[in-house]
A.B. asks: 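Can you read through this structure? Questions will come right after.
All heavy atoms count here, side chains included; hydrogens, waters and symmetry mates do not. Along the sequence shown, residues carry numbers from 1.
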Amino acid sequence: SADEPFFLYCALTAPHAPIIPTSEFIGSSNSTAYGDFVLLVDHVVGQITKAIESDQRLENTLIVFTSDNGQSPRADFDDDELPLADHSGSYIYRGKKFDIFEGGHRVPFIASWPGKIQVGSHSNEIICTTDFMATAADIVGVDLPDDAGEDSYSMLPVLLGDAYQKPLREATVHHSSNGRFAIRQGDWKLI
C-alpha cells in the first residue's frame with residue numbers, strides 16, 4: 001500500500017553481455033547494439049520511476065542507479081576511433097570491465113531523493129557498492145555489529161550534502177579478472 005515502506009532491488013541483466021536489446025530499441029542509439037541496450041536500460045528505469053510516482057511515493061523515495069563495473073569490452077566501441085554518437089563508455093579513463101584500470105571500475109552513480117538530496121549536486125568522494133549496507137543501516141537507524149559489513153561505510157553524509165572533516169572511505173581496492181590489484185584514492189576536499 002502507498003503508506004507502507006518498501007525496498008526494491010532491481011538488478012537488470014542489461015547492459016551486460018550478451019548484448020541483446022529488444023527489437024523496439026535496435027538502431028535507436030545511433031551507435032552500436034550496446035548503445036541500444038543502454039537506451040533499453042534507461043527506458044526500464046523510467047518505467048520503475050513512473051510506477052513509484054503514480055501513487056505519490058516518489059516524494060519520499062530514495063532511488064539509486066549504479067552498475068557493477070565499467071563498460072564491457074564486448075560493447076564494440078573501437079578505442080582508436082572517435083566515439084560513436086559522441087559517447088565514450090569509459091569517458092576519459094583507460095580500461096574496461098574486467099581490467100584493473102579506472103575505466104574498468106568507475107561507474108555511474110545517480111541518486112534521487114526529493115527534499116533530501118540537492119538536485120544537481122555531485123561529489124568527489126570515493127564510494128563503493130559495498131557501502132550500501134552501512135548506508136541503508138544509517139538511513140533506518142540500525143547499528144551494525146562490528147563483524148557485519150566491516151568494509152562498508154555510510155555514504156549518507158555525501159548524499160545529504162552534510163559537512164564532514166575527513167574522507168568517509170580512505171581508499172578502495174580494485175581487483176581485475178586476471179588477479180591484479182590496485183588501490184584508488186580520491187581527490188578529496190573538505191566540504
Side-chain angles (χ1 to χ4, degrees), residues 7-17 34 37-38 41-42 45 61-75 77 79-80 83 87-114 116-191:
F7 177 86
L8 171 66
Y9 173 71
C10 181
L12 301 173
T13 55
H16 205 280
Y34 186 78
F37 215 21
V38 170
V41 169
D42 185 58
V45 172
T61 300
L62 169 62
I63 297 175
V64 173
F65 176 85
T66 192
S67 181
D68 62 344
N69 51 16
Q71 174 183 286
S72 172
R74 296 184 184 132
F77 287 109
D79 289 336
D80 296 327
H87 176 77
S88 176
S90 297
Y91 183 48
I92 61 172
Y93 303 102
R94 177 173 58 160
K96 293 183 179 167
K97 185 185 286 279
F98 307 121
D99 67 33
I100 200 62
F101 305 111
E102 190 160 354
H105 293 273
R106 186 179 279 250
V107 298
F109 181 92
I110 303 166
S112 170
W113 197 359
K116 305 244 183 192
I117 298 176
Q118 182 180 349
V119 174
S121 59
H122 68 279
S123 171
N124 288 333
E125 185 75 40
I126 294 175
I127 59 172
C128 186
T129 52
T130 58
D131 297 335
F132 280 115
M133 183 173 187
T135 305
D138 202 4
I139 289 170
V140 297
V142 171
D143 290 326
L144 293 174
D146 290 341
D147 62 350
E150 302 97 306
D151 58 350
S152 186
Y153 299 86
S154 175
M155 64 180 116
L156 190 57
V158 178
L159 296 174
L160 300 180
D162 293 343
Y164 46 95
Q165 296 300 311
K166 62 180 186 170
L168 301 179
R169 170 184 282 282
E170 181 181 349
T172 213
V173 174
H174 295 239
H175 180 246
S176 71
S177 62
N178 66 3
R180 292 185 171 181
F181 287 88
I183 191 163
R184 178 171 183 260
Q185 293 179 293
D187 179 21
W188 192 85
K189 297 177 181 99
L190 182 64
I191 58 172

A.B. asks: If the condition is ring pair (Phe, Tyr, Trp, His ring centres under 6.0 Å), which residues does Tyr91 pass it with, not counting sequence neighbours?
C.D. replies: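 Ring pair (Phe, Tyr, Trp, His ring centres under 6.0 Å) list for Tyr91, sorted by chain: Tyr93.
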
A.B. asks: Looking only at heavy atoms, what is the nearest atom pair of Ser154 and Ala134, with distance?
C.D. replies: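 Of all heavy-atom pairs spanning Ser154 and Ala134, the closest is N-CB, 3.5 Å.
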
A.B. asks: Once you round to the nearest 0.5 Å, how far does CG of Asp138 lie from CG of Leu160?
C.D. replies: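 Nearest 0.5 Å value for the CG-CG distance: 8.5 Å.
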
A.B. asks: Working note: Val158 + Tyr164, criterion side-chain contact (heavy atoms from CB on, under 4.5 Å); need CA distance, chi angles, decisive distance, verdict.
C.D. replies: CA-CA 9 Å; Val158 178; Tyr164 46 95; 3.3 Å; yes

A.B. asks: Assess the residue pair Cys10 and Leu12 against the criterion (side-chain contact (heavy atoms from CB on, under 4.5 Å)); give the C-alpha distance rounded to whole Å, side-chain angles, the decisive distance to 0.1 Å, and a yes or no.
C.D. replies: CA-CA 6 Å; Cys10 181; Leu12 301 173; 3.7 Å; yes

A.B. asks: Closest heavy-atom contact between Ala148 and Met133?
C.D. replies: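 Nearest pair, atom of Ala148 first, then Met133: CB-CE, 4.1 Å.
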
A.B. asks: Considering residues at least two apart in sequence or located in another chain, which fulfil the ring pair (Phe, Tyr, Trp, His ring centres under 6.0 Å) criterion with Phe181?
C.D. replies: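 By the ring pair (Phe, Tyr, Trp, His ring centres under 6.0 Å) rule, Phe181 matches His175.
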
A.B. asks: Show your working on side-chain contact (heavy atoms from CB on, under 4.5 Å) between Thr129 and Phe109 and close with a plain yes or no.
C.D. replies: CA-CA 10 Å; Thr129 52; Phe109 181 92; over 6 Å; no

A.B. asks: Just wondering, more than 12 heavy atoms not from Asn178 lying within 6.0 Å of its CG?
C.D. replies: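 Yes - once you tally the heavy atoms of other residues, nucleotides and ligands closer than 6.0 Å, there are more than 12.
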
A.B. asks: If you look only at distance, which donor and acceptor atoms sit under 3.5 Å apart when one is on a side chain in residues 116-123 and the other is two or more places apart or in another chain?
C.D. replies:
from, atom 1, to, atom 2, distance (Å)
Ser121, OG, Gln118, O, 2.7
Ser123, OG, Glu125, N, 2.9

A.B. asks: Give the minimum heavy-atom separation between Pro108 and Thr66, together with the two atoms involved.
C.D. replies: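 Where Pro108 meets Thr66 most closely, the heavy atoms are O-OG1, 2.8 Å.
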
A.B. asks: What are the two closest non-hydrogen atoms of Ser67 and Val107, and how far apart are they?
C.D. replies: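 It is O-CG2, 3.7 Å.
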
A.B. asks: Got a second to check how far Trp113's CH2 is from Leu156's CG, nearest 0.5 Å?
C.D. replies: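 It comes to 6.0 Å.
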
A.B. asks: Under a 3.5 Å distance rule, please check whether Thr135 uses its side chain to pair with a backbone N or O of Met155 as donor and acceptor.
C.D. replies: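 Confirmed, Thr135 side chain pairs with Met155 backbone.
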
A.B. asks: How many angstroms lie between CZ in Arg94 and CD in Glu102, if you round to the nearest 0.5 Å?
C.D. replies: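 CD of Glu102 is found 10.5 Å from CZ of Arg94.
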
A.B. asks: Can you tell me if Ser152 uses its side chain to pair, donor with acceptor, with the backbone of Thr130 under 3.5 Å?
C.D. replies: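 Yes.
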
